[in-house]
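Remarks on the structure that follows.
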Amino acid sequence: MGYCLLTLGTIAVLTNAAARAENLDQGKSAVKLFADSCVTCHRSARGLANGRFSLTLYMFLQQHYVSNSSAAWELTSYLESLDSVSPKRRAAAAKPSPPASGASGEASLRPPMPVPKR
């Protein structure tokens with residue numbers, strides 16, 4: 001009987017301690033979460049969510065980088081927002097710059113110098 005009460009008391013104490021565990025990610029913005037967790041290996045957050053499903057990214061972040069589900073969703077949303085560039089902005093970024101003008105004001109149309117043969 002004494003062992004039973006001791007075991008139940010130990011379980012109650014451990015359960016209560018786990019319930020009062022501190023949430024280290026509570027109240028942090030997604031930018032702060034990235035700075036605390038990811039910046040060690042990744043210089044920038046841009047491109048990390050590219051081509052990934054939201055659910056798999058969320059589960060990966062929750063398992064490896066953050067302490068609760070709300071922080072994982074916040075970080076997932078942040079990473080996806082950086083990679084969701086509108087088609088107009090993407091086309092403007094991919095637009096080549098105008099060629100350098102020559103002495104006559106027009107671009108030089110001659111090919112580059114050939115590679116010397118041995």
Side-chain angles (χ1 to χ4, degrees):
M1 180 74 164
Y3 290 116
C4 219
L5 288 176
L6 181 63
T7 304
L8 288 174
T10 304
I11 290 172
V13 168
L14 291 176
T15 305
N16 192 20
R20 287 186 282 132
E22 185 178 354
N23 181 3
L24 299 176
D25 296 331
Q26 185 175 3
K28 291 183 181 179
S29 68
V31 176
K32 180 71 174 156
L33 289 169
F34 181 81
D36 290 347
S37 304
C38 309
V39 92
T40 308
C41 299
H42 304 282
R43 267 193 252 171
S44 171
R46 193 170 307 279
L48 295 178
N50 195 13
R52 291 171 177 81
F53 293 112
S54 297
L55 184 60
T56 56
L57 181 61
Y58 158 76
M59 290 186 321
F60 176 78
L61 292 172
Q62 185 178 12
Q63 185 177 15
H64 296 286
Y65 290 105
V66 295
S67 61
N68 64 18
S69 61
S70 63
W73 274 123
E74 189 170 342
L75 191 54
T76 299
S77 299
Y78 170 67
L79 293 174
E80 288 177 335
S81 72
L82 292 176
D83 291 339
S84 62
V85 178
S86 68
K88 289 181 182 179
R89 287 179 52 195
R90 188 174 293 145
K95 188 176 182 181
S97 61
S101 60
S104 65
E106 293 182 18
S108 175
L109 299 177
R110 62 182 177 188
M113 291 184 60
V115 177
K117 294 182 181 178
R118 291 185 185 196

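All heavy atoms count here, side chains included; hydrogens, waters and symmetry mates do not. Source: prediction; values computed, not measured.
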Taken to the nearest 0.5 Å, the spacing of Leu75 CG from Ser70 OG works out to 11.5 Å
When every non-hydrogen atom of Val66 is compared with those of Ala71, the smallest separation belongs to CB-CB, 4.0 Å
With Ala45, which residues qualify under side-chain contact (heavy atoms from CB on, under 4.5 Å), at least two apart?
Phe34, Tyr78, Leu79, Leu82
Determine, using the 4.5 Å side-chain heavy-atom cutoff (strictly less than), whether Phe60 and Val39 are members of one ILVMFWY cluster.
yes
Between the main-chain N or O of Asp83 and the side-chain N or O of Asn50, is there a donor-acceptor pair closer than 3.5 Å?
no
Taking every heavy atom of Ala72 against every heavy atom of Leu61, the minimum-distance pair comes out as O-CD1, 4.2 Å
Linking I/L/V/M/F/W/Y whenever their side-chain heavy atoms sit closer than 4.5 Å, directly or via other members, would Met59 and Leu33 fall into one cluster?
no
Identify the heavy atoms of Glu74 and Lys28 that sit nearest to each other, and give their distance.
OE2-O, 3.5 Å
Least distance between heavy atoms, Ser54 atom then Trp73 atom
O-CZ3, 4.4 Å
